[in-house]
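Hydrogens, waters and symmetry mates are skipped; everything else that's a heavy atom, side chains included, is used.
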Amino acid sequence: MIRMTGGCLCGQVRYSVDGDVAMQVNCHCKNCQRQSGSAFSTIIGVPQDALTIEGEYKTYDDEGESGEAVLRDFCPNCGSPLFSRVAVAPGLIFIKVGTLDDTSGFTPAMHLWTKSKQHWVDLAGQLTFETNPG
């Protein structure tokens with residue numbers, strides 16, 4: 001079991017994780033691109049009950065490319081995207097890696113929704129899935 005901490009840009013929302021990381025991925029779906037303002041979203045999945053959150057955040061109800069619900073949590077003050085909860089992965093919460101205090105333990109194991117990836121992103125030799133893994 002590991003302990004991780006993190007928070008938003010302004011510090012209004014802080015969190016800690018006491019548990020094991022279930023997955024480390026980059027998601028290339030269009031909505032993750034829009035939310036991150038980048039080519040993909042860099043996330044870790046942890047058991048939802050391993051996460052403790054301090055401070056108030058807002059939630060945007062979204063729908064993923066799969067057609068399933070995606071709840072996207074962010075700081076209402078600075079706008080930092082923090083967490084996502086997706087219907088296709090019940091019991092997990094996905095933390096935006098850039099909000100971790102220490103990102104040195106992150107290495108993406110796979111890339112999801114690569115059918116939407118930016119044409120200039122080279123994933124040669126990487127484990128990829130055009131949508132969600134089976």
What's the separation between atom [atom1] in [X] and atom [atom2] in [Y], rounded to the nearest 0.5 Å?
X	Y	atom1	atom2	result
C27	H111	SG	NE2	11.0 Å
S36	K96	OG	NZ	6.5 Å
E68	E63	CD	CD	8.0 Å
R3	D18	CZ	CG	4.5 Å
S16	L51	OG	CG	7.0 Å

Contacts of type side chain to side chain donor-acceptor pair (under 3.5 Å), residue Q118, not counting sequence neighbours: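 Result, side chain to side chain donor-acceptor pair (under 3.5 Å) vs Q118: Q33.
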When you measure from the side chain of [X] to the backbone N and O of [Y], does any donor-acceptor pair fall under 3.5 Å?
X	Y	answer
T103	V97	no
T114	F129	yes
E130	K115	no

Does [X] reach the side chain of [Y], with side-chain heavy atoms less than 4.5 Å apart?
X	Y	result
N31	R72	yes
P76	Q12	yes
M4	V21	yes
Q35	S84	yes
T42	F106	yes

Check whether [X] and [Y] end up in the same hydrophobic cluster, where Ile, Leu, Val, Met, Phe, Trp and Tyr are linked by side-chain heavy atoms less than 4.5 Å apart.
X	Y	value
L82	I43	no
V70	I93	no
I95	M23	no
V86	W113	yes
L112	V46	no

Those residues that, when tested against T59, pass side chain to side chain contact (heavy atoms under 4.5 Å, CB included) (two or more places apart):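 Side chain to side chain contact (heavy atoms under 4.5 Å, CB included) check on T59 returns Y57, D61, L71, D73, R85.
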Side chain to side chain contact (heavy atoms under 4.5 Å, CB included) involving A22 - partner list, sequence neighbours excluded: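 Side chain to side chain contact (heavy atoms under 4.5 Å, CB included) list for A22, sorted by chain: L92.
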Sole residue of T99, D101, T5 in side chain to side chain contact (heavy atoms under 4.5 Å, CB included) with Y15: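 Result for side chain to side chain contact (heavy atoms under 4.5 Å, CB included) with Y15: T99.
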Flag if over 12 foreign heavy atoms under 6.0 Å of CG, L123: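 Yes, the 6.0 Å shell around CG holds more than 12 heavy atoms from other groups.
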Any residue meeting salt bridge (charged side-chain N to carboxylate O under 4.0 Å, His left out) with R34, in chain and number order, not counting sequence neighbours: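 If we apply the salt bridge (charged side-chain N to carboxylate O under 4.0 Å, His left out) test to R34, skipping adjacent residues, there are no hits.
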Aromatic ring pairing H28/F40, orientation class (parallel under 30°, perpendicular over 60°, tilted between):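 H28 vs F40 ring planes: tilted.
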ring-ring contact (aromatic ring centres under 6.0 Å, His included) involving F94 - partner list, sequence neighbours excluded: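 For F94, no residue satisfies ring-ring contact (aromatic ring centres under 6.0 Å, His included) once neighbours in sequence are set aside.
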Heavy-atom closest contact (C10 atom, C78 atom, distance):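 Answer, listing the atom of C10 first, then C78: N-SG, 3.6 Å.
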Closest contact, heavy atoms only, C32 versus S41: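 Of all heavy-atom pairs spanning C32 and S41, the closest is CB-CB, 3.6 Å.
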Transitive ILVMFWY cluster of F74, excluding itself - 4.5 Å side-chain cut-off: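 Traced through the cluster, F74 reaches Y60.
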